[in-house]
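Taking it in order: structure first as structure tokens, then the write-up.
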Amino acid sequence: MQLVCISRGEQERGKLFAQTLAQKLAFECLGQEELSDLAIQEGIAVGKLETAVVKKRHLTERQILEKEHFLAFMTRVLCERVLENNLVFHGRAGHLAVPGLTHVFRIRTKIEIQTHVEEVMRRLSLDRSKAREYVERVDEDISRWVRTMYNISGDPWAGYDLAVNLDRVDVGGATTALCGFVQLPEFTATPFSAKVLENLLLAARVRIALARDERTWAASFSVKAEAGHVTVSYLPRDMAVGVRAPGVIIGVSGVEDLTCTVVSSNILWVQERFRTVGQTFDAVVKAATHWHSAVELMKLTPASTGSSSTDTTDRVAGAETAQQPPLFTLRQVDGGVEDDTERPTGPIGEDADLREMFGELNARGIAATASRLPDDMRRIRAAVDRSIPYSLVVVDEVFLDHGHAARIRKTRELLGRLGEVIRAPVVSAEDLEQMVHTSWYDYVKMTALAAVVAIAFILVFSHQTEILEFFSPTTTGAKITAALVLLLGVPIFATMYGTLTGAVLRLFHVE
Amino acid sequence: MPELIFRDFIALDLGTALQVVLLGFIGGVLSGFIGSGGAFFMTPGMMNLGVPGVIAVGSNITHKFGKALMGSRKHGELGNVDKKLGIFLLATSFIGIRLAVWINTRLFGVADAHGGGKGAAADLYISLVFVCILSMVAISMLRDIAKSRNEEGPSRRIAEALGRMRLFPIIDFPVSDVKVSLWVLALVGLATGYLAGTIGVGGFIGVPAMIYVFGIPTAVATGTELFLAMFMGAFGALNYVVEGFVDIRFVMLLFLGSLVGIYVGTYGTKFVKEVVIRLVTGVVILLCVISRGVAIPIYLRQLGLVSFDEAWVSRLNIASKSMLFLAGISGVAVIIVNVAKAFRRRESIRRSLAETAELSSRNQDSLERRR
């Protein structure tokens, strides 16, 4: 059940490297091109999708659905093959198609540009300048493909375990050396990773079933699975199609429970102890309801406690059907080598608050996922899924075992770090309460703004002729004055009235 | 002809004021919904109320300046503004605006041999530019929808052809991930500025140009256009106010409706599919164009270029006005109906979830009691 993913671009030598490695390891070998052929057989318009990405076209709604279908298909193929056998996949950043699978060995092969140009000159019979242009364009296209397909904003070539310069080492020597690497415990499958693979496979099968069925193909779905419990979310605009999803998913083997949520985006709620009563809970529920968002819970555990001393990450995924109460499963990840023992389910121990909170949110139809992490900045940053569209991050009651000053400092640091990785406002619970609850101060502010706006209207409309005369200047001095008044007055009026309108409409849940 | 209160500014009664607020609201909803300015609806709407075209454009561009200020801030926070591109486009857009204001102001003074029909030449010129430009926009928008059914995104043929020509100097824009010739930038800036200054509609040229000619992502095109609109609006307002063509009463009344409408329109995008958004926009613009086309004979008559019975003037004006409001109200109705439908569906899902949770908790309680 081992998986080696080699990103080799269009290099022929990279292909040879992957095939030789697979042969020496006696692993199955699968290339990007074969995968694309299989996807075409599945009915996915891979060519059109590639053209749209390469030509920097704005993906149409249909192409976005094709993209989701293709990614699910890729995940399914990789998971199925890895569950059956060991696999070497070579192509474009294949490891990104199996997110959460920690034992993937990620290799990047590279060759110097001159060598690559000569290879292309030989292969395509091009002159040097054309071959160089071709190589640069292909590299750029591949980077764009990876960024578009996996929603990566940074360098698509970052995040590999090993980079091999095939100009410096020959394929035979490099692959022989790597055979030993593959046996390292970090890249060895465990029973736990089999469960992760099964979850990914189930989610992919569900997404493919939704893409294949004529009742649901026209909507965009996000699917997550955890030990048979499937969570499907879709956008408010896809509600008419989304409500048909349970009818399709019920036929997919392996699905035990199902949660369907309607979300525009996620709200990430980070806290050490969750309580289902209180102002923060009310504020988060209110924000999620108004913004059509799902709430993702991230429970931080103090690094000093035993449970997190070994870098644990627990994930809870809930599911609910018409007849059953919410069910929960946990999995534990322990750094490079996972702990395979599953934690008992049920509202006991330190996760009882997380379970209870997830259940409350699930009953309101706004639950996304829940996870537990040590309060380590690096781990928290790494755990954030950048492909999820977050609308807000709420941080409350963290670093509770620290002193007051240290808690404030670390909380501020956490807010800043999360702000760096998530393109959404990162706020404290107090800020959130101010955002969603209308306080007396807000009412006073609204009244004051309304009064100023009303006075402006009364002044203008009771002195129409004078005002019009002022804005019809004839002398240079009058022109400058009129221009200055207009340039200052219009933005001030627009800002005041815009703020007032926003505040009033928020009272009617239009945000 | 409406009664004048001061120079060329019309007197406002309650009915007219409410119509201006409604114009602002519909323009705002459409603007929030499609991410463009909404001037394509508000400028002809004001002209239908008897406001001289130059004052309608001057007031609209002033209104646009305040509105873009708020929208640009939001887009900036989301990283959708390519400031470098915006600055390059601004330089020539100012020349375009100045040229447009100069032409409009000169035409405004043109009258017939008897001194009548003042402003009609400017109205005719504004209407003709409006009809020509916006009919092209509407047709290409509707054609684009038909194409997108065949899974095609916005074409990059023009961008690629210009890229192949390599008209030096080429400027690199890392935020938008494009390289564009300085000459092309200058031309697009000039055209955008000229149209913003002439009819108050710059975004309909600026955004497609950025997408089709430069090949930049749609979100960045919209954000950058708002950034541009803020400065172009300020410069346009400055130019029109010194000529005495800004009616601040209209600006305030437009704000009254448009800033509410923008929230409603933006909210509507959550519930309506992109293809429907584009279809609604295309149809509304086309109807606005036809409505303006219907008003053109009135200006021709005022200039003495054609003659027909005076009764037809009011008939044509009513027809033009009704068509415009019909287009706007229908567009807004589509949005509001979709929002209402989505709300109902969501509430029914939420109710069923709450009932399920209650049932589950009751089942669990009875199970525990039995134990």
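Chain A is the first sequence line, chain B the second, and so forth, proteins listed ahead of strands; every chain is numbered from 1.
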Contact class of A:Leu468 relative to chain B, heavy atoms under 4.5 angstrom = both
ask   = Checking B:Ile262 against chain A: side chain, backbone, both or neither under 4.5 Å from a heavy atom?
value = neither
Taking the side chain as every heavy atom from C-beta outward, state whether [X] and [Y] have any atom pair closer than 4.5 Å.
{"X": "B:Ile248", "Y": "A:Phe470", "value": "no"}
{"X": "B:Phe9", "Y": "A:Ser472", "value": "yes"}
{"X": "B:Met252", "Y": "A:Val460", "value": "yes"}

inquiry  = I'd like to check the ring-ring contact (aromatic ring centres under 6.0 Å, His included) partners of A:Phe457; sequence neighbours left out, ordered by chain and number.
reply    = A:Phe461, A:Phe493
message = Show the nearest heavy-atom pair for residues B:Val260 and A:Tyr497, with the distance to one decimal.
response = CG2-OH, 3.6 Å
Which atom of A:Gly498 lies closest to which atom of B:Tyr263, heavy atoms considered = O-OH, 3.6 Å
ask   = Atom CG of B:Asp247 and atom CD of A:Gln464: how far apart are they, to the nearest 0.5 Å?
value = 8.5 Å
remark   = Greatest number of non-hydrogen atom pairs under 4.5 angstrom with chain A, of B:Leu256, B:Thr62, B:Val246, B:Val251, falls to B:Leu256
Throw together a table of side-chain donor-acceptor distances under 3.5 angstrom for residues 475-489 of chain A, partners on residues two or more places apart or in other chains.
unit_1   : atom_1 : unit_2   : atom_2 : d
A:Thr475 : OG1    : A:Ala478 : N      : 3.2
A:Thr481 : OG1    : A:Gly477 : O      : 2.7

